[in-house]
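Quick note: residue numbers are just sequence positions, from 1.
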Amino acid sequence: MNAKFSEDFLLTTETGKNIYNKYTAGMPVINYYSKMKAKIICENLQFADVAELFICQDEERQNIMRSFRIDEKFITGDASNYEKFQAFAEIMPDLAGTTIFLRTALELKRLFNIDEMLCKENARQIFEYTGKIIAEKNITPAYLLETFNTELAATSEDPADTLKFHQEIRAKEITNAKIVPVFDLQNPLSIEAKDFAQYMERLSKASSISVSSFSTLLIALEKRLMDFQEEGASLSSAEVEDLQWVDYTPKEIEDIMRKGLNGQTLTTTDIVKYRCAFIYELAKLNHKYKFTMQLQLGSYHGSPLPREKKTGFTSIFDTANDSLILKCLGKIFNYLKKDNCMPDMILCPMTSYQQEILAVTAKEFGRNSDGTPVKIQIGMPWKLSSSLYGMKKHFEELAQLQPFATAAGYTSNSSSLSSLCQHEIYRRLFCDLLGNLINQGQFFAPEDKVEILVKKACTFNARQLCWNDKIQ
């Protein structure tokens, strides 16, 4: 029985091991979308201890601790950092099969060269030992970016954000990694939010454009999109809740916008029409400035979400309807294709079963009407992107619908910098799958072709798709 960390984890065949070790192990990380904070990277403070690194800034570990009914005091409350680490250590032996178990083992190995399983019995020893290493090596956000071989890390930022932290990161040369903002469309998309009018005041100030209508909103967003582009951005993103299609006129959208700015009650139809118009117009802006547009689709609203708690707004639908989402995307994409304004896109389903629906849609809109190619990729299911199950299902199902060689690659949606190690987990799973296909005779190719395929799936496609770079 193996009681220590193995460098062969997730690699079940010699072929997969050879592919991973020869072609993937040294590849740089392109983390093109995340909830990581530019402020934390800019401040670049040394972590106080391993609990701050593993728990205090990691919502995935916090959530799994809650699933074991651990008192909130030991998660985000006033317990000491050691007590929080001890509480997490106690559940580690029960996390077999989870990505959190592998992540924790991988972080302990890569950052501290610890190859034993964290548990209640060794929690004190590991806490104290890692504390010494953190101090000796000055483990900071920049240290993590370098350790995980990060070429580019993106942070999601609101259009009204000043981007001052990105500017300071670059000016102070805090890290060799390229830190870029993602143009987050969530707030301007959410006309139903109670603070929508107040948000538009912030956007007006940031853009120096008085937002008093839908047309001036688009001018303000275009201005900010150009500002983001100057800071290295070329990806926009939105979480699209319950997307449906309803025909609209420009006058109707202006009337709806006026109601939103004045705090008037919006009907279900008002909200749906605004979302359709907003996504269509922002897609055109993305095409104009050669941005890739990411849509995270299929939110579920059966229980209160953070946005609902913040705004007090109750969602108008209980759950996403796949047929309605498909119809709406088809309508929007048809109009964009007809106008030759279809941007490159990443469509991220909520769960793996929606991949087939989106892949069929993607196949139909690979070119604009004038013949110019459009890259529409199916991203990782965003609710499962940090799970082994989600990664495996993504590979297995997508292989039947889109070639591996066109995959957008992995990105960690987490706010935790240490989650960058999940790229290694993703790559190991991919190499293992490819190794099995080769062993079963389902794929065969000269070695140099295998190398190119692996590098495309792990780094090159993300680099080219999201940042318009040429493959080196």
Side-chain angles (χ1 to χ4, degrees), residues 1-12 35 47-131 133-134 300 303 350-352 380-394 410 412-429 432:
M1 182 177 294
N2 189 7
K4 291 186 180 293
F5 179 89
S6 170
E7 288 293 350
D8 292 334
F9 78 95
L10 297 178
L11 300 170
T12 60
K35 296 293 195 302
F47 291 97
D49 49 47
V50 69
E52 182 184 12
L53 179 60
F54 279 16
I55 300 170
C56 299
Q57 297 181 10
D58 195 306
E59 70 281 358
E60 291 176 9
R61 285 195 178 94
Q62 292 173 7
N63 286 336
I64 208 163
M65 290 172 75
R66 293 186 184 103
S67 71
F68 282 85
R69 298 186 178 182
I70 294 174
D71 193 300
E72 194 67 25
K73 171 184 177 180
F74 300 100
I75 304 174
T76 60
D78 59 3
S80 69
N81 276 7
Y82 170 70
E83 290 174 320
K84 292 175 181 177
F85 186 70
Q86 173 76 22
F88 176 73
E90 289 182 7
I91 67 171
M92 267 291 286
D94 295 326
L95 298 181
T98 68
T99 312
I100 291 295
F101 181 92
L102 282 180
R103 260 192 64 195
T104 303
L106 191 57
E107 288 167 290
L108 287 172
K109 180 64 176 179
R110 298 292 179 253
L111 295 174
F112 307 107
N113 199 31
I114 295 172
D115 58 8
E116 60 183 293
M117 183 189 72
L118 172 66
C119 59
K120 178 176 65 174
E121 289 76 16
N122 62 16
R124 171 65 73 178
Q125 179 185 0
I126 289 178
F127 186 82
E128 293 176 351
Y129 173 74
T130 54
I133 299 299
I134 288 171
Y300 173 74
S303 59
M350 181 175 71
T351 57
S352 59
M380 288 285 295
W382 57 276
K383 279 290 187 184
L384 300 173
S385 64
S386 62
S387 72
L388 294 175
Y389 170 82
M391 294 181 196
K392 288 179 180 178
K393 293 288 285 184
H394 180 66
Y410 184 76
S412 170
N413 289 334
S414 174
S415 60
S416 169
L417 281 161
S418 64
S419 69
L420 289 168
C421 73
Q422 289 187 161
H423 282 264
E424 180 175 341
I425 294 173
Y426 173 90
R427 292 171 179 186
R428 286 173 176 269
L429 285 171
D432 187 62

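- Between Tyr129 and Val50, every side-chain heavy-atom pair lies at or beyond the 4.5 Å cut-off.
- For the atom pair OG (Ser418) and CZ (Arg110), the distance works out to 14.0 Å, reported to the nearest 0.5 Å.
- The two residues Arg103 and Cys421 come nearest to each other via the heavy atoms CG-SG, 4.0 Å.
- Using cut-offs of 30° and 60° for the angle between ring planes, the Phe54 and Phe85 rings count as tilted.
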N/O donor to acceptor pairs below 3.5 angstrom from side-chain atoms of residues 67-74, sequence neighbours left out:
| from | atom 1 | to | atom 2 | distance (Å) |
| --- | --- | --- | --- | --- |
| Ser67 | OG | Ile64 | O | 2.5 |
| Asp71 | OD1 | Lys73 | N | 2.8 |
| Glu72 | OE1 | Arg66 | NE | 3.0 |
| Glu72 | OE2 | Arg66 | NE | 3.4 |
| Glu72 | OE2 | Arg66 | NH2 | 2.8 |
| Glu72 | OE2 | Thr76 | OG1 | 2.6 |

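- A donor-acceptor pair under 3.5 Å is formed between the side chain of Asn122 and the backbone N or O of Cys119.
- Checked against Tyr410 for a side chain to side chain donor-acceptor pair (under 3.5 Å), the options Arg427, Gln422, His423 give a single hit: Gln422.
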**Request:** Could you give me the CA-CA distance, side-chain angles and deciding distance for Ser414 and Ser412, then say whether side-chain hydrogen bond (donor to acceptor under 3.5 Å, both in side chains) is met?
**Result:** CA-CA 5 Å; Ser414 174; Ser412 170; 4.7 Å; no
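- The side chain to side chain donor-acceptor pair (under 3.5 Å) check on Tyr82 picks up Gln86, with sequence neighbours excluded.
- Expressed to the nearest 0.5 Å, how far CZ of Phe47 lies from CD1 of Ile134 amounts to 8.0 Å.
- Taking the charged nitrogens against the carboxylate oxygens, Glu52 and Arg61 have no contact shorter than 4.0 Å, which rules out a salt bridge.
- Taking CD from Gln57 and CG from Leu417, the interatomic distance works out to 7.5 Å, rounded to the nearest 0.5 Å.
- The side-chain heavy atoms of Leu108 and Phe5, taken from C-beta on, include no pair separated by under 4.5 Å.
- Sorted by first and then second residue, the salt bridge (Lys or Arg N to Asp or Glu O under 4.0 Å) pairs involving residues 79-90 (not counting sequence neighbours) form an empty list.
- To the nearest 0.5 Å, the span separating CG on Asn113 from OG1 on Thr130 amounts to 13.0 Å.
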**Prompt:** Are Arg428 and Ile425 close enough, and set up right, to give a side-chain contact (heavy atoms from CB on, under 4.5 Å), and what steps lead you there?
**Reply:** CA-CA 5 Å; Arg428 286 173 176 269; Ile425 294 173; 5.8 Å; no
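- Among all heavy-atom pairs drawn from Gly97 and Leu388, the shortest one is O-CD1, 3.7 Å.
- Within 6.0 Å of NZ in Lys109 there are more than 12 heavy atoms belonging to other residues, nucleotides or ligands.
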**Test log, rule side-chain contact (heavy atoms from CB on, under 4.5 Å), inputs Met65 and Ile55** = CA-CA 10 Å; Met65 290 172 75; Ile55 300 170; 4.1 Å; yes
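- Between Met391 and Tyr426 the shortest heavy-atom distance is SD-CA, 3.8 Å.
- Comment: Lys35 does not engage Glu59 in a salt bridge, judged by the lack of any side-chain N to carboxylate O separation of less than 4.0 angstrom.
- Here the CG atom belonging to Asp49 is positioned 14.0 Å from the CD1 atom belonging to Ile133, to the nearest 0.5 angstrom.
- With values rounded to the nearest 0.5 angstrom, Leu95 atom CG is found 9.5 Å from Leu118 atom CG.
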